[in-house]
Amino acid sequence: MNPIAVRAKSRLHCTIVFNKRAAEQSCLALLQSCDNLPKLTQVHSHILKLGLHNNPLVLTKFTSTSSDLNAIDYASSFMFSPECDTRLYDTFLFNTVIRAYAQTNHLKTKAIEFYNLMLEYGVFPNKFTYPFVLKACAGIGVLNLGKSVHASVLKFQFDNDIHVQNTLVHMYGSSKGGIECARKVFDEMSERDSVSWSSMIGGYARFGLSTDAIDLFRKMQMSGVCPDEITMVSVLSACTDLGALDVGKWIESFIEKQRVNKSVELRNALIDMFAKCGDVDRALKLFRNMSGRTIVSWTSVIDGLAMHGRGLEAVALFEEMVGAGVAPDDVVFIGLLSACSHSGLVDKGKEYFDLMKRDFGVVPKIEHYGCMVDMLCRAGLVKEAFEFVQKMPIQANAIIWRTVISACCAHGELKLGERITKWLIGNDPMHESNYVLLSNIYAKMFHWEKKTKIREVMDKRGMKKIPGSTMIELDNEIYEFVAGDKSHNQYKEIYEMLDEMGRKMKKAGHVPTTSEVLLDIDEEDKEDALNRHSEKLAIAFALLKTPPGTPIRIVKNLRVCSDCHSATKFISKVYNREIVVRDRNRFHHFKNGFCSCRDFW
DNA sequence: TTAGGGTTAG
């Protein structure tokens with residue numbers, strides 16, 4: 001027990017008989033020293049002995065005392081025990097309980113429960129109540145719940161308070177389907193501070209509405225409200241999502257110029273942005289010069305190296321991290337295993353998978369099993385992957401099964417792929433990607449009738465394939481292309497360029513991989529369909545708009561197809577351009593006819 | 001005696 005508590009305890013014993021007021025004071029001091037359940041239980045017995053359990057001051061203190069989860073539960077259940085006089089409930093008491101639960105990771109629903117109880121007992125909420133309650137709603141992320149609390153805010157007329165408004169924006173911006181409501185609250189605010197802007201930008205960034213996030217940041221600058229380090233973290237995460245390296249670099253110089261406080265979180269966001277936007281060396285440099293690295297900093301660089309196929313460096317960095325005394329967590333193991341996966345380090349990956357639990361006490365989750373399956377599949381060990389999935393102690397999810405199916409498709413195990421996919425569709429008949437996989441398998445089998453049927457089923461059920469799209473950033477503008485896109489105002493020049501590229505590539509020896517076109521059309525049309533893939537459109541656009549010799553960077557939403565991969569190699573050679581492609585999984589650096597992934601992806 | 005926004009993976 002700490003010195004204050006000892007003093008308080010001795011005072012408590014001395015004063016029990018003399019005066020209740022002093023006992024109360026001592027009791028409060030004792031409570032102050034409580035940071036775990038056993039101490040709290042001890043103090044509870046004193047409270048009962050002294051008859052202080054009806055004292056609202058003590059009751060409140062008791063409830064708000066501990067950060068120990070069990071203690072919060074214990075304290076809040078005390079509120080509803082027979083010893084407790086409910087007439088003494090007040091707003092502050094409920095606020096403390098709600099705050100305690102809102103701050104936890106897993107008991108946020110309890111915060112809402114207590115808010116409802118508060119209303120049931122006729123205790124009025126005040127302007128402090130709603131930020132707590134809304135924060136809990138934000139953590140739960142269920143839109144209807146947040147909406148009902150919003151209705152309460154209006155009923156009790158706290159909707160003019162900027163703190164409440166900001167938390168409303170945050171709550172809607174954290175709930176699925178709530179982003180428009182967030183924007184509505186945001187637009188209707190009479191005054192906005194940096195928290196309002198950050199909450200809205202953060203909401204866009206959280207749900208992948210990254211261009212909206214960056215647009216809003218531009219508006220923020222015009223509004224005259226000064227962005228701070230928290231705003232910048234969200235803006236950077238939007239850049240990371242888009243792969244917008246130029247905007248990211250601009251943000252970095254903005255941070256320098258505006259002297260934005262470079263918190264550890266902001267440095268981490270910068271490292272992550274550079275790593276995922278294709279400049280992993282810059283990320284490494286920032287990382288090396290950084291003091292106060294956290295596990296997030298290490299994870300970002302390890303992950304970045306993994307995406308660039310620099311698996312051995314990622315492994316070395318992981319070892320360095322362990323050597324530096326940083327305990328690895330489950331997230332860093334995902335990066336490490338995916339580094340092994342992307343670089344074909346199968347044995348190393350297996351080794352780490354075994355020792356993560358044994359040596360570091362990190363229990364593998366579904367994602368780690370997913371990495372292992374991915375690793376085996378990439379290495380062409382489809383049957384081993386299948387067996388691995390069957391032996392897993394936890395049930396495989398659809399993502400893992402789809403990994404296996406794709407590998408079946410790529411490595412000619414079509415029958416097995418068909419079997420798994422049919423089973424998967426039986427379990428989840430409304431997931432469109434299962435149908436896409438099955439239809440691809442039938443195309444590879446040349447079963448065109450079956451393939452057509454699948455497409456018909458999809459149409460009937462209103463399901464659509466996610467279209468492949470490619471983004472490119474030129475002069476701080478972001479352009480997006482989909483296959484066969486003609487929406488761009490320079491599309492005629494782009495298509496002329498495509499024809500030229502096709503001719504030059506053929507001359508250099510490129511043979512289109514027409515088996516990638518999973519349509520029942522003749523070979524010439526297949527070539528045409530390949531030529532209109534979104535990445536080729538983006539590259540053609542870049543060749544048109546940038547001076548010779550400058551590197552081209554593009555970002556794909558799906559994995560790059562093998563024809564585009566082979567074509568890009570030829571383009572890099574024919575046009576003497578370095579081309580950096582970020583696809584859904586990793587980076588490909590094309591230079592002089594070769595790709596950094598060594599055709600391993 | 002209490003209030004709002006941020007980072008890694010999936």
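The sequence lines fix the lettering, A, B, ..., with proteins before strands; numbering per chain opens at 1. These values consider heavy atoms only, across backbone and side chains, with no hydrogens, waters or symmetry-generated copies.
For A:Thr299 and B:dT8, a side-chain-to-base donor-acceptor distance below 3.5 Å is present, hydrogens and geometry of angles not being considered. At a cut-off of 3.5 angstrom, the base of B:dG6 holds at least one donor-acceptor pair with the side chain of A:Ser263. For A:Ser198 against B:dG5, a side-chain N or O and a base N or O form a donor-acceptor pair under 3.5 Å. With hydrogens and angles ignored, a donor-acceptor pair closer than 3.5 Å exists between the side chain of A:Asp228 and the base of B:dG5.
Within the structure, every side-chain polar atom (N or O) of A:Arg206 is placed at least 4.0 Å from both OP1 and OP2 of B:dG5. OP1 and OP2 of B:dG5 both lie 4.0 Å or more from every side-chain N or O belonging to A:His163. Taking only side-chain nitrogens and oxygens, A:Arg99 comes nearer than 4.0 Å to OP1 or OP2 of B:dA3. Put simply, A:Lys276 has a side-chain N or O that comes within less than 4.0 Å of OP1 or OP2 on B:dA9.
In the region residues 290-297 of chain A, proximity to DNA chain B at under 4.0 angstrom, judged on heavy atoms, holds for A:Val296.
A search for side chain to side chain contact (heavy atoms under 4.5 Å, CB included) contacts involving A:Asp212 returns A:Tyr204, A:Leu209, not counting sequence neighbours. In this view, A:Tyr352 and A:Glu319 satisfy the side-chain hydrogen bond (donor to acceptor under 3.5 Å, both in side chains) rule, not counting sequence neighbours.
Side chain of A:Lys135, nearest nucleotide from B:dT8, B:dG5, B:dA3: B:dG5. Among the nucleotides B:dG10, B:dA3, B:dT2, the one closest to any side-chain atom of A:Asn126 is B:dT2.
Here salt bridge (Lys or Arg N to Asp or Glu O under 4.0 Å) pairs that include residues 102-113 of chain A, with residues two or more places apart or in two chains, are A:Asp73-A:Lys110. Within the structure, salt bridge (Lys or Arg N to Asp or Glu O under 4.0 Å) pairs that include any residue of residues 177-189 of chain A comprise A:Arg183-A:Asp187, A:Lys184-A:Glu188 (at least two apart or interchain).
Between A:Trp197 and A:Phe217, the gap from one ring centroid to the other reaches at least 6.0 Å.
Atom CG of A:Asn268 is separated from atom P of B:dT7 by 11 Å (rounded to the nearest Å). Between A:His368 atom NE2 and B:dG10 atom C1' there is a gap of 10 Å when expressed in whole angstrom units.
For the residue pair A:Tyr130 and A:Tyr115, a side-chain donor N or O sits within less than 3.5 Å of a side-chain acceptor on the partner.
In this structure, the aromatic ring of A:Phe92 is positioned over the six-membered ring of the base of B:dT1, centres within 5.5 Å and planes within 30°.
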Could you pull out every donor-acceptor pair under 3.5 Å between side chains of residues 118-128 of chain A and any protein atom, sequence neighbours left out?
residue, atom, partner, partner atom, Å
A:Asn126, OD1, A:Asn95, ND2, 3.1
A:Asn126, OD1, A:Phe128, N, 3.0
A:Asn126, OD1, A:Thr129, N, 3.1
A:Asn126, OD1, A:Thr129, OG1, 3.0

